[in-house]
Amino acid sequence: MPSPSTPPDTATEAGPPLDDPHVIQRILRTASTIAIVGLSNKTQRASHFVGSYLQDEGYRVIPVNPTVDAVLGETAYPDVASIPDDITIDVVDIFRRPEAVPPIVAEAIAREVPAVWMQFGVTNEDAARQAQRAGLDAVMDRCMKIEHGRYSGGLHWMGMNTGVISAKRQAW
Amino acid sequence: MPDPSSSPTPSAPEAAVDHAFGFETRMLHAGHVPDPQTGARAVPIYQTTSYVFDSADEAAHLFELKQYGNIYTRINNPTTAAFEERVASLENATGALATASGMAAEFTVMMTLLEPGDEVVASAHLYGGTRTMFVHTLRKMGVTVHFVDPTNLDAWQAALTPQTRALYGETIGNPQGSVLDISRVAAIADAHGVPLIIDNTFCTPYLCRPIDHGAHIVVHSATKFMGGHGTSIGGVIVDGGTFDFSDYPTIADPSPAYHDLAFAETFGEYGFLMKARAETLRDTGASISPFNAFLLLQGLETLSVRMERHVANAQAVAEYLEAHPQVDWVAYPGLPSSPYHALAEQYTPRGPGAIFSFGLSPGPDGPRATGKQFIEALELFSHLANVGDARSLVIHPASTTHQQLSAAELEESGVGPEMVRLSVGLETLDDLLWDLDRAFHAIRS
Ligand SMILES: Cc1ncc(COP(=O)(O)O)c(C=O)c1O
């Protein structure tokens, strides 16, 4: 597991690690609007869990899914390019088959979105490297809900190892 | 934890991701950051059954597991969470789930993983209570457990069938003092696509961390060395997050017991523990009380210093016994004479715990009577059915812990009538040797 106290393990010659805890924390701390590609309107799907959680945590979630009109009370768009320009997307979170990832990353680059994130099980290293070469932050094979829970302390309530060690009073 | 509705971004201190904290630091700090209102330094006791919700939506999301937080102490509790995260950190694991006892930890693992018709391959060198549960209670659930000589790797392999869903052993088997070759047994489990579960009670994470050697799930009776004080019954399940449950039916398939939630897909490396908590613990109700979690935390904070003294005293007592003319054998893997000495050096380099057995040379009334006379002559060793207390303990297994086993099971478990088991405590070593000396004297005369 990507325990915060273990060094990232995906640094290769091809580029910086794709599970860097600094990058993960930077994205989570600076983003406010997240486009979720493949966000399902079925409430028991993993994507719906993540979308609903991120909304509860105060992020605006923009669904990208050509098969539905709206999810979680937000209008859905068929692709990233179709999201109106007045909505600034801070990160594109991808719940799609690995083969479907490259055009999504290309759209994120074209739109100058600062980060792409591929969910747990979504692994397309070439696409991730392409994003990095274009200057985007890239995370791969990580769940945004779990990573947020790790650093916000939420996962702690479930007995999980957040890796956070501090003798300072927590600030809310 | 931050108020879930307050902020879009994590507000906890940035995790010190570039520094790996040591065992002792985590023993004292993991799982607890002083809270914003009170700044309480010690982990407070949250003696509450339930927690108010911010809104109807938040309540619904908590029940659906879409939001992390506290609902009801049968499921989770802030004091217990501090204990759980601390144990997870010490075992280099992804998370933990505390239970009412060590037996509850084992049962929770089995109920979460298994279905009727499934099989488990387990070491024959197990705590007697575990064996009884596996043979009788798991049979009622339609689960068959095959027991093998844990030191024989071919036996593990030969007992596998297509129905095998897990392997199970103890770090140090009771009463032989057999040290499990964890990485080899883990390789057998990996090749068969099933998790290896290890009961690490006798070692604690200070002496051995089975996940580092390839085990997938660890259980503890926290009643023993973790607490150390002998005040509290408790258990804990630890998941390394290293077993891929995405094809493991009970964790991967949509669960009818949680409106078709697919735990492996939804929670990834946390899927097993989330299911164990949200379904099994919810249904069995075998949860730990917050007060016991608090007491067990007090024990964890001194674990390393206590374990160092436990193993030092145990080694000295074992050496004394081995040299004693009234002792036939001593089964402590810290002795070079033990067949498990090399494995002990590999898996428990700081010392193989403080619980071991030895055989008295039978006196004129036979081995059973000699054992009883010896135990009754001890002044300082407490005669009771427990191990891992700060005080030294003694028991005669054949007439107590292993009494429910048949003669054949006793034989297979290696429990003879001459056998005495010690759990060596933290007393002054000279006093322990003085006490043993007096007891040997008493059975001589
Ligand atoms: C190795 C081992 N595992 C499990 C248990 C059961 O733990 P508890 O008594 O906390 O239920 C014991 C108790 O003696 C034990 O020695």
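These numbers come from a predicted model, not from an experiment. Just so it is clear: chains get the letters A, B, ... in the order the sequence lines come, proteins before strands, and each one is counted from 1.
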Pairs of heavy atoms under 4.5 Å with chain A: top-ranked of B/Ala82, B/Ala81, B/Gly31: B/Ala81

Most chain A-contacting option - heavy-atom pairs closer than 4.5 Å, from B/Thr38, B/Leu97, B/Ile75: B/Thr38

For residues [X] and [Y], report the shortest heavy-atom separation together with the two atoms involved.
X        : Y        : result
A/Ala167 : B/Pro34  : O-CG, 3.8 Å
B/Glu84  : A/Gly159 : OE1-CA, 3.5 Å
A/Arg150 : B/Tyr270 : NH1-OH, 3.2 Å
A/Lys168 : B/Val33  : O-CG1, 3.3 Å
B/Thr266 : A/Ala46  : CA-CB, 4.0 Å

Distance, nearest 0.5 Å, that separates CD of A/Gln119 from CD of B/Glu265: 10.5 Å

Straight-line distance of B/Asp239 CG to A/Asn161 CG, nearest 0.5 Å: 11.5 Å

Region of [X] in contact with chain B, defined by heavy-atom distances below 4.5 Å:
X       : answer
A/Leu54 : neither
A/Arg45 : side chain
A/Ser47 : neither

Per-residue contact mode, B/His29 against chain A (heavy atom under 4.5 angstrom): both

Proximal component of B/Arg86, with respect to chain A [non-hydrogen, under 4.5 Å]: neither

Residues in residues 276-291 of chain B that sit under 4.5 Å from chain A, counting heavy atoms only: B/Arg277

Proximal to chain A - members of residues 251-261 of chain B, heavy-atom separation under 4.5 Å: B/Tyr258, B/His259, B/Asp260, B/Leu261

B/Lys66 charged N/C atom sitting above A/Phe49 aromatic ring, 6.0 Å / 45°: yes

Aromatic B/Tyr68 / basic A/Lys145 pairing, under 6.0 angstrom, 45° off normal: yes

Residue B/Gln47 excluded, over 12 heavy atoms near CD under 6.0 Å: yes

Atom OH of B/Tyr72 with >12 non-hydrogen neighbours under 6.0 angstrom: no

Short side-chain to backbone donor-acceptor contact, B/Arg26 and A/Gly163, under 3.5 Å: no

Main-chain N/O of A/Met158 paired to B/Asn76 side chain as donor or acceptor, under 3.5 Å: no

Flag for A/Gln44-B/Glu64: side-chain donor and acceptor within less than 3.5 Å: no

Residues A/Met160, B/Met274; criterion side-chain contact (heavy atoms from CB on, under 4.5 Å); working and verdict: CA-CA 10 Å; A/Met160 303 310 177; B/Met274 288 298 285; 4.0 Å; yes

